2 protein chains.
Amino acid sequence: MNYSKQREVVLDALINNVIHPTAEKLYSIIQIEYPEVSKATLYRNLNQLAEAGIIKKIDGLEAPAHFDHNTHPHYHFICEKCGRVFDVSSDVAKDVVSKTEEETGFKVTSHEIVFKGLCKDCQE
Amino acid sequence: MNYSKQREVVLDALINNVIHPTAEKLYSIIQIEYPEVSKATLYRNLNQLAEAGIIKKIDGLEAPAHFDHNTHPHYHFICEKCGRVFDVSSDVAKDVVSKTEEETGFKVTSHEIVFKGLCKDCQE
DNA sequence: CGTAAAATGAGAATTATTATCAAGTTTTGA
DNA sequence: TCAAAACTTGATAATAATTCTCATTTTACG
């Protein structure tokens, strides 16, 4: 991957501004300071950075995709009321991969858990 | 929900023919015997049936959506080579909901786990 | 029956994303 | 250093999946 200013801007926007943003959200943030960054470049870079393991595209949420700069293993919770996405520790499903491999005979290379429900704020 | 022939056809196609089909796959199956069923009707009915809890829209796979007539709790495994979707027993992640609720203080109403990797056939 | 509510087909519209391609930028190595 | 190769970009067209619109038809029920 060669250096480009645009890629730096995209990565910085993801790291410094919001947690779990969509591409559209990042686009609007980036537009303010760097209106020269096009949408194609944004999508291209998000995909390349995810491919390289530098960021993560969160599977399991319906479109639009959300992105995460935290690449450590963890799960996600989406609040059905406010729509926010929260992190959930990977401790909640220990051994889930080994158990699945045992049970199925399949080789698991990745997995994602998405919980839906009501976050603390929205329960009130 | 009122009765309609089309809804019956959609549900039957899902139950009797393939496992975990996409809307497109169902459409092509239905077309053979019931070419009068339109795509709008297919999507409408899949959503309504899912809403009513009669079938399930599998979250966590990227588009296109896959549907499941098995509404009992279970997870899914998608083979990265052949693309097939397999069921995984809910035993592989016991207590995952209670643990998550404990850890986060959130109320979990549903969750889905999607594993990716290689199925038995594709490991060879 | 008669009518209100629900469902339909056809196709337009929408949303998110990817592809195309000519032009600009970065890297390479002679 | 400098030119060629490889990579990246912006603008926009294209695609894919799904939802919406609306005039017409079907269903439920008093």
Side-chain angles (χ1 to χ4, degrees), chain A residues 1-14 18 20-68 76 78 83 85 112 114, chain B residues 1-14 18 20-68 76 78 83 85 112 114:
Chain A
M1 246 203 302
N2 285 349
Y3 172 84
S4 86
K5 179 65 182 166
Q6 289 89 334
R7 181 140 49 225
E8 192 182 326
V9 166
V10 168
L11 185 53
D12 284 357
L14 180 55
V18 228
H20 307 130
T22 61
E24 200 57 46
K25 179 75 185 162
L26 280 175
Y27 186 66
S28 70
I29 290 168
I30 290 168
Q31 279 302 292
I32 298 166
E33 277 199 73
Y34 305 94
E36 73 276 13
V37 176
S38 77
K39 210 168 259 194
T41 297
L42 171 62
Y43 274 102
R44 243 186 327 242
N45 279 305
L46 287 172
N47 286 333
Q48 286 177 199
L49 290 165
E51 186 98 8
I54 298 164
I55 67 172
K56 201 171 166 329
K57 187 188 273 191
I58 306 176
D59 296 328
L61 311 179
E62 44 257 33
H66 292 238
F67 295 86
D68 201 340
H76 293 100
I78 180 163
V85 177
E112 171 69 274
V114 175
Chain B
M1 243 201 305
N2 284 349
Y3 171 84
S4 86
K5 178 65 182 165
Q6 288 89 334
R7 181 139 52 226
E8 190 181 327
V9 166
V10 168
L11 185 54
D12 284 357
L14 179 55
V18 228
H20 308 130
T22 60
E24 201 57 47
K25 178 74 185 162
L26 280 175
Y27 185 67
S28 69
I29 289 168
I30 290 168
Q31 279 303 292
I32 298 166
E33 277 199 74
Y34 305 94
E36 73 277 12
V37 175
S38 78
K39 209 167 261 193
T41 298
L42 171 62
Y43 275 100
R44 244 187 325 243
N45 279 306
L46 287 172
N47 286 333
Q48 286 178 201
L49 289 165
E51 186 97 8
I54 298 163
I55 67 172
K56 201 173 167 327
K57 187 189 274 192
I58 306 176
D59 295 329
L61 310 179
E62 45 256 34
H66 293 238
F67 295 85
D68 201 339
H76 293 98
I78 179 162
V85 177
E112 171 68 275
V114 176

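Computed from a predicted model, the values in this text were never measured in an experiment. Quick note: numbers below take in every heavy atom, side chains included, and nothing from hydrogens, waters or symmetry partners. Throughout, protein chains are lettered first and strands after them, A, B, ... in sequence-line order, and every chain is numbered starting at 1.
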Length of the line joining [X]:[atom1] and [N]:[atom2], which is rounded to integer Å:
X     : N      : atom1 : atom2 : result
B:N45 : D:dT27 : CG    : C1'   : 14 Å
B:L42 : D:dA16 : CG    : C1'   : 15 Å
A:L61 : C:dT17 : CG    : P     : 11 Å
A:I30 : D:dG10 : CD1   : P     : 11 Å
B:Y27 : C:dG9  : OH    : C1'   : 10 Å
A:E51 : C:dT18 : CD    : C1'   : 14 Å
B:H66 : D:dA16 : NE2   : C1'   : 13 Å
B:E62 : C:dT15 : CD    : C1'   : 17 Å

Report task. Count the heavy atoms belonging to other residues, nucleotides or ligands that lie under 6.0 Å from NZ of A:K25, then report whether that count exceeds 12. Result ->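 No, not enclosed.
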Query raised in the report: So with a 6.0 Å cut-off around CD of B:E51, is the heavy-atom count from everything else above 12?
Result: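 Atom CD in B:E51 is not packed in, count stays at 12 or less.
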Query raised in the report: Base, sugar-phosphate alone, or nothing: which one does A:Y3 contact when heavy atoms must sit under 4.0 Å apart?
Result: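 The answer is sugar-phosphate, as A:Y3 gets under 4.0 Å only of primed atoms, P, OP1 or OP2.
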From the set [options], return the single nucleotide nearest to any side-chain atom of [X].
X     : options               : answer
A:A40 : C:dG9, D:dA28, C:dA19 : C:dA19
A:T41 : D:dG10, C:dT8, D:dT8  : D:dG10
A:S38 : D:dG10, C:dA7, C:dT17 : D:dG10

Report task. Specify the residue among B:P64 and B:N2 whose closest nucleotide of DNA chain D lies further upstream toward the 5′ end. Result -> B:P64
Query raised in the report: Nearest nucleotide by nearest heavy atom, which residue falls closer to the 5' end of DNA chain D, B:K57 or B:M1?
Result: B:K57
Query raised in the report: At under 4.0 Å, does any side-chain N or O of A:Y43 touch on OP1 or OP2 of C:dT17?
Result: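 Yes, within the criterion.
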**Report entry** Below 4.0 Å: OP1/OP2 of C:dT17 and any side-chain N or O of A:N47
**Finding:**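 A:N47 to C:dT17 OP1/OP2: no side-chain N or O under 4.0 Å.
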To the nearest 0.5 Å, what is the distance between [atom1] on [X] and [atom2] on [Y]?
X     : Y     : atom1 : atom2 : answer
B:K56 : B:D68 : NZ    : CG    : 7.5 Å
A:L14 : A:H20 : CG    : NE2   : 9.5 Å
B:H66 : B:L26 : NE2   : CG    : 10.5 Å

**Report entry** Of residues 4-13 of chain B, the positions that come close to DNA chain D - non-hydrogen atoms, cut-off under 4.0 Å
**Finding:** none
Query raised in the report: Mind checking whether A:D12 and A:E33 have side chains closer than 4.5 Å, heavy atoms only?
Result: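 In short, these two side chains do not touch, never coming nearer than 4.5 Å.
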**Report entry** Sub-4.5 Å side-chain heavy-atom contact between A:N47 and A:K57
**Finding:** yes
Query raised in the report: DNA chain C: A:R44 or A:E24, which has the more 5' nearest nucleotide?
Result: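 The answer here is A:E24.
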